[in-house]
Chemist: 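First the structure, which I've put down as structure tokens, then a few questions once you've had a look.
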Amino acid sequence: MTAGGNKKNGSGKDFYERVFEVVARIPEGKVTTYGAIARHLGTGGSARLVGWALNSTLSEEKAGTNEGQTMLPCHRVVNRNGELTGKAWFGGDVMEDLLRSEGVRFDPDGSVDMSRHYWEP
DNA sequence: ACCGTGACCTACC
DNA sequence: AGGTAGGCCACGG
């Protein structure tokens with residue numbers, strides 16, 4: 001984790017907070033894409049930052065900073081292809097199970113039905 | 001201040 | 001139609 005395992009506390013939560021808000025606003029049974037979020041934030045072409053932001057936020061959550069409601073439904077965030085990219089980060093099939101629990105339909109390939117569950121900020 | 005990395009996306013060949 | 005390459009912004013060291 002040269003640059004992945006970050007832990008910025010104090011200043012620099014600008015981007016993370018923004019992503020957190022958007023992702024937290026995702027309705028149940030709906031999924032959005034990194035690019036859409038990035039574009040909404042203004043980062044536009046830097047969709048990777050969104051995923052990175054989630055990673056950082058997750059780090060905080062894991063650290064125990066989740067005083068209020070630090071539940072970031074990263075499982076509702078997928079790539080442009082509808083694939084659960086961060087599935088590995090979740091720890092196996094937790095992501096898929098969560099989405100399925102919400103009523104999300106999965107394609108035979110294992111991707112989410114963007115046509116029915118695509119939500120845009 | 002620069003380089004390297006990152007859960008991506010778009011464009012060109 | 002498929003594959004490859006580059007780009008974008010942000011953060012750590």
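Just so it is clear, the values below take in all heavy atoms, side chains as well, and ignore hydrogens, waters and symmetry mates. What you see is a predicted model, and the numbers here were worked out from it, not measured in a lab.
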Chemist: Measure all distances between protein nitrogen or oxygen atoms and nitrogen or oxygen atoms of nucleotides 7-11 of chain B, and list the pairs falling under 3.5 Å.
Modeler:
residue : atom : partner : partner atom : Å
B:dA7   : N7   : A:Gly51 : O            : 3.0
B:dA7   : N3   : A:Tyr34 : OH           : 2.8
B:dC8   : N3   : A:Arg48 : NE           : 3.4
B:dC8   : N4   : A:Arg48 : NH2          : 2.7
B:dC9   : OP1  : A:Arg80 : N            : 2.4
B:dC9   : OP2  : A:Arg80 : N            : 3.2

Chemist: Of the non-hydrogen atoms in A:Val23 and A:Cys74, which two are nearest, and what is the gap between them?
Modeler: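 Looking at all heavy atoms of both residues, the shortest contact is CG1-N, 4.4 Å.
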Chemist: Over how many whole Å does the gap from A:Leu49 atom CG to B:dG4 atom P extend?
Modeler: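 These atoms are roughly 18 Å apart.
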Chemist: Give, for atom CG of A:Leu54 and atom NE2 of A:His75, the distance between the pair rounded to the nearest 0.5 Å.
Modeler: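 It is 11.5 Å, given to the nearest 0.5 Å.
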Chemist: Using both pair distances under 3.5 Å as the test, note the stems of at least 3 consecutive Watson-Crick or G-U pairs that include DNA chain B.
Modeler: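 Runs of three or more consecutive pairs: B:2-6 with C:9-13, B:8-13 with C:2-7.
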Chemist: Please report the closest heavy-atom contact between A:Ala38 and A:Ala47, naming both atoms and the distance.
Modeler: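 The answer is CB-CA, 3.7 Å.
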Chemist: Which donor-acceptor pairs under 3.5 Å do side chains of residues 114-121 of chain A form with protein atoms, sequence neighbours excluded?
Modeler:
residue  : atom : partner  : partner atom : Å
A:His117 : ND1  : A:Gly29  : O            : 2.8
A:His117 : NE2  : A:Arg105 : N            : 3.1

Chemist: Could you tell me which non-hydrogen atom of A:Trp52 sits nearest to which non-hydrogen atom of A:Tyr16, and how far apart they are?
Modeler: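 Minimum heavy-atom separation between A:Trp52 and A:Tyr16: O-CE2, 4.2 Å.
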Chemist: How long is the line joining OH of A:Tyr16 and C1' of C:dC9, in whole Å?
Modeler: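 Whole-Å distance recorded here is 11 Å.
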Chemist: With sequence neighbours excluded, give me every salt bridge (Lys or Arg N to Asp or Glu O under 4.0 Å) pair touching residues 27-55 of chain A.
Modeler: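 Matches after skipping sequence neighbours: none remain.
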Chemist: For A:His40 and C:dC9, what is the distance between atoms NE2 and P respectively, to the nearest whole Å?
Modeler: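 Nearest whole value for this atom pair: 18 Å.
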Chemist: Are the side chains of A:Arg76 and A:Glu102 in touch, meaning some heavy atoms are under 4.5 Å apart?
Modeler: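 With C-beta onward as the side chain, the pair touches.
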Chemist: Would you name the heavy atoms of A:Val50 and A:Tyr34 that are closest together and state the gap between them?
Modeler: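 That closest heavy-atom pairing would be CG2-O, 3.7 Å.
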Chemist: Expressed in whole Å, how much space separates the C1' atoms belonging to C:dG3 and B:dA7?
Modeler: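 That atom pair is separated by 22 Å.
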Chemist: List for me each residue that meets side chain to side chain contact (heavy atoms under 4.5 Å, CB included) alongside A:Glu83, sequence neighbours excluded, and say none if there are none.
Modeler: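 Side chain to side chain contact (heavy atoms under 4.5 Å, CB included) check on A:Glu83 returns A:Asn79, A:Asn81, A:Ser111.
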Chemist: Strictly under 3.5 Å: I want the nitrogen or oxygen pairs between protein and nucleotides 1-3 of chain C, one per line.
Modeler:
none

Chemist: Is A:Leu99 close to A:Phe106 at the side-chain level, that is, under 4.5 Å between some pair of heavy atoms?
Modeler: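 Of all side-chain heavy-atom pairs linking A:Leu99 with A:Phe106, at least one is under 4.5 Å.
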